[in-house]
Novice: 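First the structure, which I've put down as structure tokens, then a few questions once you've had a look.
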Amino acid sequence: MRIKAVLILASAISLVFRQSKANAEEMKSCDLFEGEWLSESSAPCTLYNYTSCPFIQKEFNCRKNGRSDDLYLRYNWRPNSCNLSRFDGENLLKKYKGKSIMFVGDSLSRNQWESLICMIIAAVPETSYTHTSSGEVTTFAFTDFEVKVMLDRSVYLVDLVGEAQGRILKLDSIQGGKRWLGIDTLVFNTWHWWNRRGASQPWDFIELGGQLYKDMDRVLAFEKALHTWAGWVDDNIDPTAAKVFFQGISPSHYNGTEWNEPGAKSCIGQKEPVAGHTYPGGAPPALGVLKKVLGAMRKPVTLLDVTGLSLMRKDGHPSIYGLPAMDCSHWCLPGVPDTWNQILYNLIV
Ligand SMILES: *[C@@H]1O[C@H](CO)[C@@H](O)[C@H](O)[C@H]1NC(C)=O
Ligand SMILES: *[C@@H]1O[C@H](CO)[C@@H](O)[C@H](O)[C@H]1NC(C)=O
Ligand SMILES: *[C@@H]1O[C@H](CO)[C@@H](O)[C@H](O)[C@H]1NC(C)=O
């Protein structure tokens, strides 16, 4: 009798073990970034909304700003050859006890950071937290779990400094890296600021190899800065202690020709994703540059390859329900960055 029970228990354990191993194998061989957006629900299926999460900044808070269509809140991302695990905020907090996650980059990093905070709060609405800022770093601490979800605003990753000659963007210098030491999971991003010109360009000179330049090819400057960043990661990251991700290139939708709607001059009025599996306009060239740099690194960095899946979401931007100017670059919250975080969750937990 007892032997039989032990045998049944043993085989049950080995079955569970084999199953979880099979799931892990399946996840490993599955490309989470190849798939399609499916609208499987007749109502919004997001984990939070603008009344349940008080941390959505005005510029991303589309519903509060008057966006009334809600089809864009009903899509789930379905990879082709596996299913994503549901995002479990409490599980994430438990697994990350005593640890920290930091997003480093521009406002697209802020977009993803706010999304993650809202997703976690939706899972543990009663938990206590603190929200503090120091210099460029904002820290959201889930104190009951000793987990920090941080944002370091560093739009170029490399240094931007005021000197006697003017404001200098230093492509070889990355002093900001001091703030990234000791963080357990880092998610980097930079791209959108590299094309800024005129009044919105925050530098007067670019410094490279000890020379000052009035300007240079922006994609080349981006590549040089990425090399500096890659060197920092290769020199400073211990892969057994820290996981490093690159958010990828978050795409904008200002030109309908790219999605076979030449009349559309922006994302205004877009209520549905692009149909099909591939974006007619292709990926932005910056993605190729990023992949090349990541491919030459010594330390492992995972590309959180959000470009392709986000390209399909011409409907996901604030358009006229965000910034005072039209915005087809950032994303409504709740919205597309929630999926980036669901994928991130599948990769880290
Ligand atoms: C937002 O979420 C809260 C909590 O889940 C729910 O009670 C409320 O009805 C939702 N509001 C809207 C506008 O969907
Ligand atoms: C994913 O889930 C759906 C619906 O639950 C199911 O029909 C499908 O077979 C699953 N796909 C895979 C690859 O497991
Ligand atoms: C839109 O994209 C098409 C195709 O890439 C290009 O020919 C056109 O010049 C673009 N329009 C604008 C306004 O940038």
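Read the numbers this way: they start at 1 and go in the same order the structure lists the ligands and their atoms.
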Novice: Nearest to atom 6 (C) of ligand 1 by heavy atom, L73, N49, D70: which?
Specialist: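 Shortest heavy-atom distance from atom 6 (C) of ligand 1: N49.
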
Novice: For C82, counting its heavy atoms only, list the atoms of ligand 2 lying under 4.0 Å from any of them.
Specialist: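 Checking each atom against C82, I get 13 (C).
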
Novice: How far is atom 11 (N) of ligand 3 from its nearest protein heavy atom, and which residue and atom is that?
Specialist: N255 ND2, 2.9 Å

Novice: Does the Lys NZ or Arg CZ of K214 fall within the cation-pi geometry relative to F205 - under 6.0 Å from the ring centre and within 45° of the axis?
Specialist: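 Positive - K214 is close enough to the ring of F205 and near enough to its axis.
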
Novice: Short check: is a protein heavy atom less than 4.0 Å from atom 13 (C) of ligand 3?
Specialist: no

Novice: Any side-chain heavy-atom pair from L347 and F245 closer than 4.5 angstrom?
Specialist: yes

Novice: Does a side-chain heavy-atom distance below 4.5 Å link F188 with V301?
Specialist: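 SC-SC contact between F188 and V301 ruled out.
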
Novice: Can you classify the ring geometry of W331 versus H253 as parallel (below 30°), tilted (30 to 60°) or perpendicular (above 60°)?
Specialist: perpendicular

Novice: If you have a sec, work out which protein heavy atom is nearest atom 4 (C) of ligand 3 and how many Å separate them, to one decimal?
Specialist: T257 CG2, 3.8 Å

Novice: Aromatic ring centroids of Y129 and F55 under 6.0 Å?
Specialist: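 Centroid separation for Y129 and F55: below 6.0 Å.
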
Novice: Numbering the atoms of ligand 2 from 1, which are under 4.0 Å from a heavy atom of N83?
Specialist: 1 (C), 2 (O), 3 (C), 8 (C), 10 (C), 11 (N), 12 (C), 14 (O)

Novice: Do W194 and T190 have side-chain atoms, one donor and one acceptor, less than 3.5 Å apart?
Specialist: yes

Novice: My question is simple, although I want it checked carefully: is atom 2 (O) of ligand 3 less than 4.0 angstrom from any protein heavy atom?
Specialist: yes

Novice: At less than 4.0 angstrom from any non-hydrogen atom of S52, what atoms of ligand 1 do you find?
Specialist: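 Answer for ligand 1: 2 (O).
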
Novice: Before signing off on this row, confirm whether N80 and ligand 2 have an N or O atom pair separated by under 3.5 Å.
Specialist: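 There is no such contact.
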
Novice: Between D215 and R218, does any NZ, NE, NH1 or NH2 come within less than 4.0 Å of an OD or OE carboxylate oxygen?
Specialist: yes

